[in-house]
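Right, one structure below, let's go through it.
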Amino acid sequence: MIGIAQDITEQKQLLDILQREKEDLAALSTVTTNGISTLNLEELLQDLLRRIVEVMRADAAVILLKKDNQLYVRSSIGIDAEFRSNYVVEIGEGFAGTIAATRQPLYIEDAQTDSRIIAIKRGKIRSMLGVPLQRQGELVGVLHVDWGSIHPTSDRELHLLEITAERCTMAILNAQLYERTKQLQEHLQLQINHMPIACIISDSELRVTDWNPAAEKIFGFSQQEALGQKLCNLIAPVGVRGNLETIFRQLAAGERTVHSVNENLSKDGRTIICEWFNTPLKEADGTVIGILSMVQDITARQQAEQELRRKDEQYRTLARNFPNGAVFLFDRDLRYILAEGTELPALGLSRESVEGKTFRESFEPEICNLLEPLYRRALSGIAATLEVPYANRVYLVQALPVTNSSGEIFAGMAVAQDITERKQTEAQLWRNAYYDALTGLPNRTLFSQRLGERIEEAKHGKAGLFAVLLLKLEHFEMVKYSLGHNVADQLMIATARRLEAYLPPSATLARVGSDEFAILLAQLQNSDEATDQADCLHRRLILPFDLQGREVFSTSSMGIALGGTEEYKCIVSPPDLFSNSSQEISNSASSTQELTCSDRPEDFLRAADTARHHAKVQAHVSHAVFNPAMHEQAVARFQLETDLRRAIERQPFQVYYQPIVSLETGKITGFEALVRWIHPTRGMVSPLEFIPLAEETGLISFIDWWVLREACTQLRIWQQAFAEDSAPLTMSVNFSGLHLAQLGLLERLDQVLRETGVEGQNLKLEITESGLLKNATSGTEVLQQLKTLGVKLSIDDFGTGYSSLARLHQLPIDTLKIDRSFVSRMGKDGESLEIIRAIMMLAHSLEMDVIAEGVETHEQLSRLRSLNCEYGQGYFFSRPVDSEAAEELLASQLQW
């Protein structure tokens with residue numbers, strides 16, 4: 001046997017290399033193929049690393065992926081898990097960071113000695129080979145394999161690792177793309193599932209391929225029930241199923257979106273109204289393969305819109321018929337959504353010109369500036385009201401919030417009502433309440449308000465000195481009764497105008513009574529300013545007034561009350577005179593009544609009136625300033641009135657008689673009955689003190705009738721006692737003119753005459769001239785009726801009041817009594833003598849006789865006789881005496 005030996009070592013080695021390369025390529029092919037077919041990134045990376053370690057007979061392998069400017073371990077084999085989780089490499093640092101920065105492969109034979117690989121020495125890694133993972137110039141990460149012992153590398157291993165890295169990069173990118181696509185799909189599906197509107201996808205045969213939860217909620221069919229069903233058969237009524245095919249044809253023809261509102265059926269058989277937005281689903285070549293339908297159930301909205309239209313029409317009907325006004329609805333942008341009302345034309349507006357426009361587009365800026373705060377408050381939930389002037393009218397604008405069924409404010413309502421006439425009426429009512437209708441001046445109420453304001457300011461030290469003047473026109477009533485109401489009104493108006501002309505602009509002038517004015521003077525420097533002003537007004541008022549061509553004179557009295565400063569801070573308030581339960585109120589009690597201060601306007605007016613009364617009784621004084629002494633006098637007067645009223649109940653009166661003497665015979669022909677009051681503590685009270693008070697308070701009526709009865713009774717006694725005298729005695733009794741206006745006067749007088757047995761011709765009633773004038777209208781007729789009883793009538797104090805000459809011839813007067821003031825000056829004043837002469841000539845021409853009062857001297861008696869005066873009365877003959885003394889005079893048969 002022959003053997004042939006041949007050295008095949010090199011061949012064997014070459015075959016081994018080829019076999020290894022074949023195995024490596026096969027393994028590499030297996031690794032990359034399996035990796036690419038796997039889309040789970042975690043599984044993919046683990047499989048790749050396992051194959052690479054196996055192929056390259058390495059101990060470890062790591063894939064690091066790039067994120068921002070760092071590399072982090074995404075997957076690894078042969079590396080401690082804890083170390084791997086914290087291993088983050090900055091690009092440009094360390095082994096992997098250097099590969100990422102240079103984009104070049106890197107081999108390190110011994111990592112334990114290489115200064116660049118300090119971080120992993122503890123991992124016992126010796127040799128390291130790494131390549132970048134990149135695709136089209138974009139860095140994805142780094143792949144490197146590691147050996148625990150020194151492992152020389154070759155170009156073949158580097159080439160193998162680069163090919164593997166390229167295949168890995170593609171696999172990683174595909175897996176990442178898959179993950180992102182999957183996430184997007186899941187996110188999209190999540191969005192679809194959570195969409196509040198139905199999302200339905202149908203194929204080209206209109207069969208449902210997707211049906212989200214909102215569709216389930218709207219139509220009642222679950223996704224399982226809907227999928228595969230024809231949409232028209234599932235939810236469309238028979239009558240409208242053709243509409244779906246029309247919609248599909250429109251979409252297939254190129255319509256981008258088709259919108260429709262349809263009636264649909266729910267699973268429970270309800271008919272609902274749905275709004276559809278349909279969009280075609282197309283292939284790349286434009287072929288329509290299905291429909292994406294977005295659906296909303298608008299049944300409630302449709303019903304709400306219908307209800308809104310119904311309410312809108314109700315609003316409009318209500319607003320259109322709103323009386324004397326207009327109604328506006330506005331949204332949160334202050335844009336009008338409704339404008340109706342009968343007042344729109346008067347506002348120069350129309351429904352068309354307002355609706356859809358903002359309020360600033362509809363009205364002038366001045367009006368808008370008034371309306372905007374009002375509208376804003378309404379939209380904030382607060383109702384508000386404002387009076388707005390517009391086009392010479394006044395409108396009351398009420399702004400209210402408008403809410404929906406949930407209570408949310410979605411609009412505002414403005415109701416404008418024409419209140420011009422009401423405002424005019426209110427203004428007139430206010431004027432009637434605070435102003436005098438005749439003079440146009442403030443009345444007592446308004447004056448008191450302004451005075452109260454001044455007093456309040458004074459309490460806080462802000463007012464300074466002020467004065468209240470109360471002015472009364474004396475004898476105003478006489479003007480009214482003698483010249484008529486019309487002339488009296490003209491006098492009042494003329495007085496008001498004259499006062500206004502001479503008062504400073506800061507003063508307040510008011511009419512506070514039928515014949516009274518009040519004046520408030522403010523910011524005075526001293527009290528002299530108030531008195532100077534009073535003097536000025538007095539001088540102006542004594543000048544005559546020309547009223548309808550008639551010259552009328554007026555006199556006045558004024559009182560002044562000062563306040564507002566420390567010196568004049570107190571006005572005395574009236575005391576409580578009736579706090580004592582005792583029936584008797586003594587003078588001592590009233591005089592010691594403690595005085596208190598007041599800040600009431602009425603007390604200032606009362607104080608001024610008290611001062612006016614004081615001025616009135618003083619000779620040649622036109623005004624007076626209030627002081628507490630006047631208050632004491634007023635209290636005394638009040639006390640006197642109280643005592644007088646009690647005296648009338650108990651009749652502590654006595655009649656005195658003063659003889660009336662015939663100047664022809666010198667004998668007594670009669671008496672004048674004069675009342676005297678015997679006060680329990682004061683003694684005899686002068687008639688000059690209590691008679692004016694009785695007339696003012698109306699108590700004179702009781703006194704007059706009592707005196708008349710007493711005097712007639714006494715006259716009858718004397719007539720019987722001295723019946724032998726040739727001429728029967730007469731009795732003159734003062735009789736207030738107030739009686740002329742009383743009912744039953746004649747009957748009562750006739751009863752007194754009959755009960756006392758006195759003939760009417762022996763009774764003479766003396767009525768003052770002013771009393772006649774006060775009853776000028778009815779007085780003449782009543783006097784004529786008195787004459788039917790035979791009673792004589794006399795005018796007392798003739799010539800001292802307003803002249804009654806114009807009416808004297810119309811009055812049934814028997815006697816004129818010349819006032820004592822003329823008789824007393826007869827010897828010294830030639831004018832008085834001429835006045836007496838004129839009165840007597842007038843009386844005689846009217847067939848009247850004359851009695852001269854106040855005869856005190858023989859000279860006066862002689863002059864009166866020379867003037868043919870019929871009768872005289874006075875101290876020259878006798879003072880007034882009681883009945884016993886008067887009887888003695890009769891019995892003595894005196895003759896003067």
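Computed over heavy atoms, backbone and side chain alike; hydrogens, waters and symmetry mates excluded.
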Could you label the plane-to-plane angle of the Tyr657 and Trp718 rings as parallel, tilted or perpendicular, counting under 30° as parallel and over 60° as perpendicular? perpendicular
Which residues satisfy the salt bridge (charged side-chain N to carboxylate O under 4.0 Å, His left out) test with Glu759, sequence neighbours excluded? none
Tell me, with the steps shown, if Lys616 and Glu474 meet salt bridge (charged side-chain N to carboxylate O under 4.0 Å, His left out). CA-CA 9 Å; Lys616 182 178 178 181; Glu474 302 298 339; 3.3 Å; yes
For the residue pair Arg716 / Thr756, report whether a side-chain donor-acceptor contact shorter than 3.5 Å exists. no
With sequence neighbours excluded, tell me which residues meet salt bridge (charged side-chain N to carboxylate O under 4.0 Å, His left out) with Glu500. Arg497
Tyr875: what forms a side-chain hydrogen bond (donor to acceptor under 3.5 Å, both in side chains) with it, not counting sequence neighbours? Arg879
Using side-chain contact (heavy atoms from CB on, under 4.5 Å) as the criterion, list what pairs up with Glu859, not counting sequence neighbours. Thr857, Arg863
Quick one: salt bridge (charged side-chain N to carboxylate O under 4.0 Å, His left out) partners of Glu664, sequence neighbours excluded? none
Tell me every residue that passes side-chain contact (heavy atoms from CB on, under 4.5 Å) with Ala488, counting only those two or more places apart in sequence or in another chain. Phe476, Lys480
Once side-chain contact (heavy atoms from CB on, under 4.5 Å) is applied, do any residues pair with Gln654, and if so which ones, sequence neighbours excluded? Tyr656, Ile678, Asp882
Answer yes when Arg444 and Glu602 have at least one side-chain N-carboxylate O distance shorter than 4.0 Å, and no when they do not. no
The reported gap from CE in Met848 to CG in Leu811 (rounded to nearest 0.5 angstrom) is 7.0 Å
Name all residues meeting the side-chain hydrogen bond (donor to acceptor under 3.5 Å, both in side chains) criterion together with Arg709; count only those two or more places apart in sequence or in a different chain, and write none if there are none. Glu755
Do Leu547 and Leu483 have side chains that get closer than 4.5 Å, going by heavy atoms? no
Excluding sequence neighbours, so at least two apart, what forms salt bridge (charged side-chain N to carboxylate O under 4.0 Å, His left out) with Arg837? Glu834
I'd like to check the side-chain contact (heavy atoms from CB on, under 4.5 Å) partners of Ala518; sequence neighbours left out, ordered by chain and number. Phe447, Leu470, Val512, Leu605
For Gln714, give me all partners under side-chain hydrogen bond (donor to acceptor under 3.5 Å, both in side chains), at least two apart in sequence or on another chain. none
Test salt bridge (charged side-chain N to carboxylate O under 4.0 Å, His left out) applied to Arg511 and Glu516, step by step: CA-CA 6 Å; Arg511 187 186 182 195; Glu516 289 181 330; over 6 Å; no
For Gln719, enumerate each residue passing the side-chain hydrogen bond (donor to acceptor under 3.5 Å, both in side chains) test, keeping only those at least two apart in sequence or located in another chain. Asn762
Hydrogens and angles aside, do His485 and Gln490 bring a side-chain donor and acceptor to less than 3.5 Å of each other? no
OG1 of Thr669 to CD1 of Ile851, rounded to nearest 0.5 Å, is 7.5 Å
